[in-house]
Amino acid sequence: MFKEYATLGPYLRRYRWQYLAGMLCLVVVDAAQIALPQFLRRAVDELASGNFTLSGILRIVAAMVGVAAVLSVGRFLWRYFIHGSSRRIETEMRDRLFGHLLELSGGFYQANKTGDLMARATNDLGAIRQATGMGFVTFFDGVFMSLAILAVMFAQNPGIALVTIVPLPLITLLIIAFGGMVGKRFKRVQEIYSRLSEIAQETLAGIRVVKAFVREERFARDFARANDEYRGASMGLAKIFGLFFPLISFLSGLTTLILLSAGGNAVLGNRMSAGDLVAMIAYLEMLVWPMIGAGFTVNMLQRGAASLARINEVMNTKPDIASIPGARAESPEGFVEFRDLSFTYPGSASPALESVSASLARGKTLGILGRVGSGKSTLLRFLPRLIEPPPGRVFVGGRDVRDYELAALRRSFGFVPQESFLFSDTIAANVRFGVPELSEERFCRVVAVAAIDRDVAGFPSGWNTIVGEKGLTLSGGQKQRVAIARALALDPEILVFDDALSAVDAETEDRILSALLEERRGRTNIIVSHRVSTLRHADLIIVLDGGRIVQQGPHEALIADESGFYAEIARLQELERAVERGE
Amino acid sequence: MADFFESDEVTKGYDSRIVARIMGYLKPYALLAGLAVLALVIGTAGELYAPVLVKRTVDDALMVSWFAVDPRVAEGPHGQALALTPDDPVVGGRVYLKASRLGRLSRTERAALEREGLLDPVPCYLADIGPGDKVAREAAERAAARGKLVLDGRTGVIPLAELKSLPAADARALRARDARIVSANVLLLFVALAAVLAAAFVQTVVSNLIGQRVMKDLRMELFRHTSTRSLAFLSRQPVGRLVTRMTSDVETINQFFTDVVSAFLKDATLMAGSIVVLFALDWRLALATLASLPPVAVMTAVSRRKARDAFRRQRTWLSKVNSYLAERIAGMSVVQLFAREGASLREFEEKDRQLMRANLGEMYVFATFRPLVDLFSSVSTAVIIYVGASMLKAHILSLGTLIAFINLIRMFYAPVQDISEKYTLLQSAMAGGERVFKLLDSDEAIPDSPRCAMPKPIRGAIEFSKVHFSYKDGEPVLRDLSLKVDPGETLAIVGPTGAGKTTIANLLTRLWDVDSGEITLDGVPLRDLPLKDLRRAVQPVLQEVFLFSGTIEDNICLGDEVSRERMREAAEAVHADEFIERLPEGYATRLSEGASNISAGQRQLISFARVLAHDPRVIILDEATSSVDTETELMIQRGLEALLANRTSIVIAHRLSTIKHADRIVVLSGGRVAEAGRHEELLGARGLYWNLYRLQYGGGETERAAP
């Protein structure tokens, strides 16, 4: 547990003065807190003596108010120092976490889902903040206060103090035990809660199917069942809490009861003054909180350690794709070559690519054809090093891609991925994503080439339309076209289209393609498609099957090879057309 | 992930209409609510009773003192005030009164009595020595022998100072009565504590139970309400937002029941209770205590407003930071491909710093408010001690009462802290409730008022006559559309994008209603048929296949209305059985989220099997526009043939092969029928169809028909 906390060292060191000041304030607060009942005791004793003066009482209560004022200021200040530091540490850690996430490669994101990473950035950082803020305070304060109060109580009357505090450690043990029980039940409640929202989410997402098959009631039944389970799990938690806090007050009440019984008899036996008893009752109440705090501290520190472990796991993951020392800072030109490239995904039995060799001169267009899963996307991902190739296999601009600085290499590429991911920002900002300073003229040019301008003209807010959950939901084709404009805005040396026109209708596709190739004249393009008609525009076509290049050459040459896969696909697609025509 | 993007207003001030409406959901659970309130009252009473017990123990047993007065005082001017009774103990010709009785006299009156020798100013203790109590009698005799104690029958009088100097055993023996009071009060205290424990448990469990039940009622109401709204309404609402209504917004209402209501009730009871007790103990001191209330109220009001603003700012920035983070993680490959790591980090740091400022702001509000309330509580205590001291000096107050006051003040101030903390929860509940009720109040359902039963058997004749329809005012989609489909016929609809093809499917299943004109099934207008029966008879195969996470069987049957044999027959007919049986668990194979563990073609086949298993008389097939590879295409083609056989079908066609199989083709343009006829006829006519055909299929595009 404490090994994990070692990683907090640098942060805590940076805020050591704040923590020190906070601790000082805590000591002052504690001292003031102990002093307050002393004033009460003195006042009560004075009053009980029968021969007191009002000015004497006034002096006592004035001192009491003074101490209370110090107490309040101290309470503000320790929160200021310690909570302030823990919030700042949380912010710094979140910044560093995000900075690190930005460096991690695709493999990491395949193994870690967004939801899980978000949980680390929110819940786990929260737990660490708790540990560095409240956890620290209750720990320090609890130890200090308990010792101080115990010292005073034992000084006043050791025998009675001893019997009185017997139930107090029970409170601490109780909270530690409850922490475990609550944790488990809470997890169950959370699980059922997510199922509940999944059912709602799915029903609403598939509402057309639900309505078309008149199945509203069936899904309502499912939802009702999940609701009942949720109630069951929540009640399990509620019973724990229902017992937990009342039991703590019961135990602390028990200490008062013991004190009243033992102390009362001591007063009757002339072994203690009534004022002492009243003060001791007040101390006891003060001791309850540190005991409760001790239990929570244990839980908080445990949770903080577990969370730190989860954060450290991410922070200790080395980016497996990074610039190699001495890498070239200039961006490569658009000459692309694969030399005998083979690749197997970790954990996969069959290779994704096998001995792939091909080269494309600068300014030419490469077409790639293949079935789903034939390795087309994998091949493309090697170029900007989204997957790390072995040395001496993948070349851009005549050099191994590994010889370039990562950022320099990627600057040469404009990528239109298969799944067009847009950020929930304005359409204009999405187009300008790679080049925020894009000129108005270029902007108009790229959106025209991507044929998104006419769609946007129809939106009420035009280019300032926000996309995504908070704004307008674009159609698949519109998203793809925004993604195309985004890549074109870079005016990249090499433009990569990973089946990026699949959701666009044929008319638009033709328009985009011809405008695009016109625009890209003299630059390198790589286009993945399973349509022969699309690939005809390419200077060189490679056909992938099961990770191997089964054919390569210009369209005419491939068509001519009648026994080849390309010609077969072309014939199949031709046949359909012929059947229609022949009728 | 919807949570990370939620940006709606999260707080709202107190709104009595919303509270009243939330409370309305309590009605079915009035009995439980009564039980919770009862437990709350018992628990609160117990909590208030405990300090009173402590006070009584101190007053009646530990600090008891008596003063002696001359019986002649009864005839004097103060006799009335002291109200001597025959029951008052008389020892050595002097009447003994408890110290609190003397409180009825003013200071000057007491001084006068002392001067006249009618009042002895030395406080004494009156020991009650039972006839059987040998230990006490011996102790009394020992003390009497040394001249410290005056023994008269079963009463021993000893000055307090002398009592304190006695050996412990003797003092205890003389105070046997006090010891009994201590024991009895300790026992009572135990009972009170146990009652508080039990009551608090019952109260927590019952209020949670009520909260859970109300939540279920609300969620089911929301669920049923939402799922029966028209698609016109639902298509305007992002799914994530609706889910949030049913989940976290309802949760805030639950918190209202479990935390806010019970806490407010309890706090109000505690405050009211402690005020009552304070007044019962001593009204003058109680008034002094209440004097400290106005500044506290002002401070609470100010801090509440500050806390609300701070809380709102915090939530806004938290949601901004989280949604930014979630989105960048989801789109990390785009960030890296465009080499925007540095810029993203800078943007994130800026948002994160704003969040930190908001967090610190919230912390400052609470860090100021709590200690201030504590300070007020101390000042209040100081005032009470001072005022109490002067009253004590005047003997118009007992010390025990003063101690009880000091304890009660703390109890009086605790709710002030609590209420302000619960106020943020109240605000969330108000905001959540407002959104939930807004959704419940949205009344956009397709009217279902059948005038006649479904014809049996359904022949499947469909006619559109002069149908007008628009999704948005001023943007008509269908204009004066008339078309007819004979029973058993397959009609293909083609036309350019925006011609209104998909709309025909939406109108036929009454997901939307026509603006004017009429659609009939077997001659009966659709709106006169029971909605459920209509939807069972006319089923669409949607462009985008939607599969639920669950087994394949579940996805074909959608519940238990379809028998296993029917399901298998349907799967076989569309050739889906071939791949399903190859899966490790066959029909019991679970589909993952988005059904990503099977291919697009396979997903399509499952959706075909689903429709076939439900055996509708009319099928509307909306073909997917997105392209698939050639093998998948063949797979879907085979399934389609089985699906369309022997029923009336309307196909919104994109594939040439589908169009070829149709009995008739209708070309839609601008929301009306431009041409209709068989494939060859239409080609021969050299009209719109011929043009479309030449444009789309002549230039190398092979897989698609008209878009």
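Residue numbers begin at 1 in each chain, while the letters A, B, ... track the order of the sequences.
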If I measure from the heavy atoms of chain B, does [X] come under 4.5 Å with its side chain, its backbone, both, or neither?
{"X": "A:Arg218", "value": "side chain"}
{"X": "A:Leu257", "value": "both"}
{"X": "A:Leu490", "value": "side chain"}
{"X": "A:Arg486", "value": "both"}
{"X": "A:Ile207", "value": "side chain"}
{"X": "A:Glu217", "value": "side chain"}
{"X": "A:Arg215", "value": "side chain"}
{"X": "A:Leu104", "value": "backbone"}
{"X": "A:Leu36", "value": "side chain"}
{"X": "A:Glu198", "value": "neither"}
{"X": "A:Ile281", "value": "side chain"}
{"X": "A:Tyr230", "value": "both"}

Region of [X] in contact with chain A, defined by heavy-atom distances below 4.5 Å:
{"X": "B:Gln539", "value": "side chain"}
{"X": "B:Leu163", "value": "backbone"}
{"X": "B:Arg219", "value": "both"}
{"X": "B:Leu558", "value": "both"}
{"X": "B:Arg610", "value": "both"}
{"X": "B:Leu531", "value": "neither"}
{"X": "B:Ala61", "value": "backbone"}
{"X": "B:Val182", "value": "side chain"}
{"X": "B:Thr381", "value": "both"}
{"X": "B:Leu511", "value": "side chain"}
{"X": "B:Val321", "value": "side chain"}
{"X": "B:Glu251", "value": "side chain"}
{"X": "B:Ala179", "value": "both"}

| field | Set of residues satisfying side-chain hydrogen bond (donor to acceptor under 3.5 Å, both in side chains) with respect to B:Arg340, sequence neighbours excluded | value | none
Look at [options] and state which one has the largest set of heavy-atom pairs under 4.5 Å with chain B.
{"options": "A:Phe76, A:Phe250, A:Phe415, A:Phe223", "value": "A:Phe223"}
{"options": "A:Thr91, A:Val65, A:Leu77", "value": "A:Thr91"}
{"options": "A:Gly74, A:Pro417, A:Ser234", "value": "A:Ser234"}
{"options": "A:Pro384, A:Ala224, A:Gly84", "value": "A:Ala224"}
{"options": "A:Arg75, A:His83, A:Arg87", "value": "A:Arg87"}
{"options": "A:Phe245, A:Phe219, A:Phe241, A:Trp78", "value": "A:Phe219"}

| task | Could you list the residues that satisfy salt bridge (Lys or Arg N to Asp or Glu O under 4.0 Å) with A:Arg88, not counting sequence neighbours? | result |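 In terms of salt bridge (Lys or Arg N to Asp or Glu O under 4.0 Å), with neighbours along the sequence ignored, A:Arg88 is linked to no residue.
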| query | Is A:Glu216 salt-bridged to B:Lys532, cutoff N-O under 4.0 Å? | reply | no
| Can a cation-pi geometry be assigned to B:Arg328 and A:Phe423, taking NZ or CZ under 6.0 Å from the six-membered ring centre and within 45° of the ring axis? |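 Yes, a cation-pi geometry.
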| task | Could you tell me whether the side chain of A:Leu117 reaches within less than 4.5 Å of the side chain of B:Met332, counting heavy atoms only? | result | no
| query | Heavy-atom distance under 4.5 Å between the side chains of A:Asn112 and B:Ile329, does that happen here? | reply | no
| field | Minimum heavy-atom distance A:Ala121-B:Leu325, with the two atoms named | value |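 Closest approach of A:Ala121 to B:Leu325: CB-CD2, 3.2 Å.
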| task | Using the six-membered ring wherever Trp is involved, compare the ring planes of B:Tyr364 and A:Tyr80 and label them parallel, tilted or perpendicular (cut-offs 30° and 60°). | result |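 Taking A:Tyr80 first and then B:Tyr364, their aromatic rings lie parallel (interplane angle under 30°).
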| request: May I ask you to decide if the ring planes of B:Phe348 and A:Phe98 are parallel, tilted or perpendicular, using 30° and 60° as cut-offs? | output: tilted
| message | Evaluate A:Arg79 against B:Arg370 for side chain to side chain contact (heavy atoms under 4.5 Å, CB included), listing each step before the verdict. | response | CA-CA 11 Å; A:Arg79 284 192 173 92; B:Arg370 287 182 204 171; 3.9 Å; yes
Selection from [options] maximising heavy-atom pairs under 4.5 Å formed with chain A:
{"options": "B:Asp533, B:Leu189, B:Val58, B:Asn359", "result": "B:Asn359"}
{"options": "B:Asp374, B:Thr509, B:Leu222", "result": "B:Asp374"}
{"options": "B:Thr57, B:Asn185, B:Val186", "result": "B:Val186"}
{"options": "B:Val54, B:Val196, B:Leu209", "result": "B:Leu209"}
{"options": "B:Val538, B:Thr258, B:Val611, B:Asn254", "result": "B:Val611"}
{"options": "B:Gln212, B:Glu47, B:Met356", "result": "B:Gln212"}

| field | Side-chain donor or acceptor of B:Asn208 paired with backbone N/O of A:Met235 under 3.5 Å | value |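 Answer holds: no.
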| message | Surrounding CZ of B:Phe190 (heavy atoms of other residues, nucleotides or ligands, distance under 6.0 Å), is the total greater than 12? | response | no
| task | Verify the distance criterion only: is there a donor paired with an acceptor across the side chains of A:Asn265 and B:Arg172 at less than 3.5 Å? | result | yes
| message | Could you walk me through whether B:Met246 and A:Ser197 satisfy the side chain to side chain contact (heavy atoms under 4.5 Å, CB included) test, starting with their C-alpha distance in whole Å, then the side-chain angles of each, then the deciding distance to 0.1 Å, before giving a yes or no? | response | CA-CA 8 Å; B:Met246 285 183 212; A:Ser197 58; over 6 Å; no
